[in-house]
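In what follows, a single structure is set out as structure tokens and then discussed.
Excluded from the calculations below are hydrogen atoms, water molecules and symmetry mates; all remaining heavy atoms, backbone and side chain alike, are included. Order of listing sets the numbers, starting from 1, for every ligand and every atom in it. One is the number of the first residue; the rest follow in order along the sequence.
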Amino acid sequence: MAAPVSDVPRMGVEMMLERIMGAMEKQNQELVELRKECSDLRSSNKSMEIMLQNIAQQGRSHSPGGLSPSVGRERARSPFLPRHSSTLQTVPSQISITSPTRELSIQSYPFTDDREIPGFYVVIPAGGAGTRLWPLSRENHPKFLLDVNLCGNSLLQSTWDRLLPLAGPSRMTVVAGPAHSEGILGQLPNLAASNLFTEPGPKDSMAAIGLAAAILVKRDPEAVIGSFAADHMISGEDAFLGAVTEAVEVAKEGYLVTIGIAPSHPATGFGYIRLGDRLNLKSAPHSRLVSSFKEKPDAHTAAKYLATGQYRWNAGMFVTKASLLMELMKENCPSLYEGLMNISDVWEDEAARKVALEEVWPMLEKIPIDNAVAEPAAAQGKVAVIPATFGWDDVGDFSSLAEMLPAESNRPRVLGDPRLVVSEQTAGGIVVPVSGRLITCLGVDDIVIVDAPDALMVTTRARSQEVKSLVKKCREAGWKNLL
Ligand SMILES: Nc1nc2c(ncn2[C@@H]2O[C@H](COP(=O)(O)OP(=O)(O)O[C@H]3O[C@H](CO)[C@@H](O)[C@H](O)[C@@H]3O)[C@@H](O)[C@H]2O)c(=O)[nH]1
């Protein structure tokens, strides 16, 4: 039967709408495929880059004390987060906002093909469980072993890859607890066993970095060391390597050198560096003195600092002669210095090391490097800073993890398979579908949902720093096996 005359124009409109919707759907589909292609391309570029780096390293015959990379040990994939074919996640090329000032807008270090710095040792202190990322991170799978942005590498592996060109495999070292040794060696097959410094228990960053300094200064009295957290994300590798190379030059002049990040908000979880005079070093044109260093100020003080425009966040990276760090420890925390000297005296003798660690380690003072030496040394004019122009994030909690994922309007960001999340009027949050089941949400903004097979965690982005206290509560409630 023919349609009534009055319905004809309506049918026309409906057909048009249908066609438009169809075309839009097709476009969306193409966009998804394009994103996947880009992501695959990025992964294969990365593999190619690593392959080229390996070839270059194998061909390097002049590497001092060069170890040949261990044969037969393959790099283990980082555990826990699932891999899926339709990943849409990308890390923006610039993670944090760099300084708008002209002074910092340049910084391209004049690298030659070989970036290796003779006598430079990398120290990666890998401690802490990253409890604010529970239930993604666990005591046995801490944050640094996780591939939090699904790039195929854990944060530790990315840290290693980033710094390898400067030190070569023989001068890359890691300090960690015994529970993580196996995971670390599995993920870093080219880490020499003698360069994994195993501490009996967590004693905070001064003891960890101090232990590495005490051992390395005995192996090489002229050693310049750089300590870099195992669990940070960085974008802009050239700018990063340029900053570290300048920092090494400044360290050789007898400074404890930090890297300063332009702050974007009055964070209370970071150290603040007040910029002092320029050092006017030819080999490190961006270097400046640090006129003061304040570790983790309160919110009011942080806001005051920000308003002056004179402060940088401390990126938690320290570059210095190992001998200077030992001197600073001797001056500012003498008993810790004594203890570490006793341990390092016998370090290369396995049996004696075991005895010394058992006797001395439990007595050591638990203090962060920032309070132990950075604050007092800055007051004496011994700390310098290289202002950074690379993107940086310490991936401290689910809110900062969310920042790294592309925003989608009226939809939470998804770390994992986006098909497992169906939402309606839910903006600004982050969902991590690990268990594989479907997650649905309606009308809940800024929500954080982490769905692991054995534990579900729900909070808001605003409270994601407090996940730490939730973990404490779970422990008190007898759930230690899930932490
Ligand atoms: N091996 C080992 N490493 C440790 C230990 N304690 C801390 N670390 C390592 O030392 C580094 C810094 O320690 P955190 O405890 O994570 O420091 P933070 O609170 O984040 O503050 C530091 O980093 C901020 C940037 O993220 C800085 O802004 C701040 O000034 C400070 O340096 C990290 O790589 C951490 O894994 C430990 O007992 N053992």
Do any nitrogen or oxygen atoms of [X] come within less than 3.5 Å of a nitrogen or oxygen of ligand 1?
X    : result
D231 : no
P125 : yes
G316 : no
F270 : no

For the pair [X] and [Y], find out whether any cationic side-chain nitrogen is under 4.0 Å from an anionic carboxylate oxygen.
X    : Y    : answer
K472 : E476 : yes
K382 : E327 : no
D397 : K143 : no

Hey, which atoms in ligand 1 end up nearer than 4.0 Å to a heavy atom of [X]?
X    : result
P202 : 38 (O)
V175 : 1 (N)
D394 : 26 (O)
A208 : 1 (N), 2 (C), 3 (N), 39 (N)
K203 : 38 (O)
A230 : 34 (O)

| task | Work out whether the distance between some heavy atom of K366 and some atom of ligand 1 is less than 4.0 Å. | result | no
Note the single closest protein heavy atom to [atom], along with its residue, its atom name and the distance in Å.
atom                    : result
atom 18 (P) of ligand 1 : K296 NZ, 3.6 Å
atom 4 (C) of ligand 1  : G127 CA, 3.7 Å
atom 30 (O) of ligand 1 : E295 OE1, 2.6 Å
atom 10 (O) of ligand 1 : S205 CB, 3.6 Å
atom 2 (C) of ligand 1  : E199 OE2, 3.1 Å
atom 5 (C) of ligand 1  : D204 C, 3.7 Å

What distance separates [X] [atom1] from [Y] [atom2], expressed to the nearest 0.5 Å?
X    : Y    : atom1 : atom2 : result
L216 : S323 : CG    : OG    : 11.5 Å
F228 : I234 : CZ    : CD1   : 8.5 Å
K330 : S335 : NZ    : OG    : 13.5 Å

Just let me know how [X] lines up against ligand 1, side chain, backbone, both or neither, with a heavy-atom cut-off below 4.0 Å.
X    : result
W392 : side chain
P368 : neither
A374 : neither
D370 : side chain

| message | With heavy-atom distances below 4.5 Å as the criterion, would you say the side chains of I259 and W392 are in contact? | response | no
| request: Check whether any protein heavy atom sits under 4.0 Å from atom 20 (O) of ligand 1. | output: no
| said: Please tell me if atom 14 (P) of ligand 1 is touched by the protein, where touching means a protein heavy-atom distance below 4.0 Å. | reply: no
| task | Tell me yes or no: between the side chains of S158 and D161, is some donor less than 3.5 Å from an acceptor? | result | no
| task | State, without any angle test, whether S435 and D451 hold a side-chain donor-acceptor pair at a distance under 3.5 Å. | result | yes
| Is the number of heavy atoms from other residues, nucleotides or ligands within 6.0 Å of NE2 (H300) greater than 12? | no
| task | Apply the test salt bridge (Lys or Arg N to Asp or Glu O under 4.0 Å) to residues E403 and R461: give CA-CA distance (whole Å), side-chain angles for both, the deciding distance (0.1 Å), then the verdict. | result | CA-CA 10 Å; E403 284 304 322; R461 278 186 65 179; 2.6 Å; yes
| query | Do you know which of F270, Y305, F293 makes ring-ring contact (aromatic ring centres under 6.0 Å, His included) with Y311? | reply | Y305
| field | Test salt bridge (Lys or Arg N to Asp or Glu O under 4.0 Å) applied to K354 and E358, step by step | value | CA-CA 6 Å; K354 195 164 173 278; E358 269 168 22; 3.6 Å; yes
| remark: atom 28 (O) of ligand 1: of I124, N314, I209, the nearest heavy atom sits on N314
| Main-chain N/O of W347 paired with S344 side-chain donor or acceptor, under 3.5 Å | no
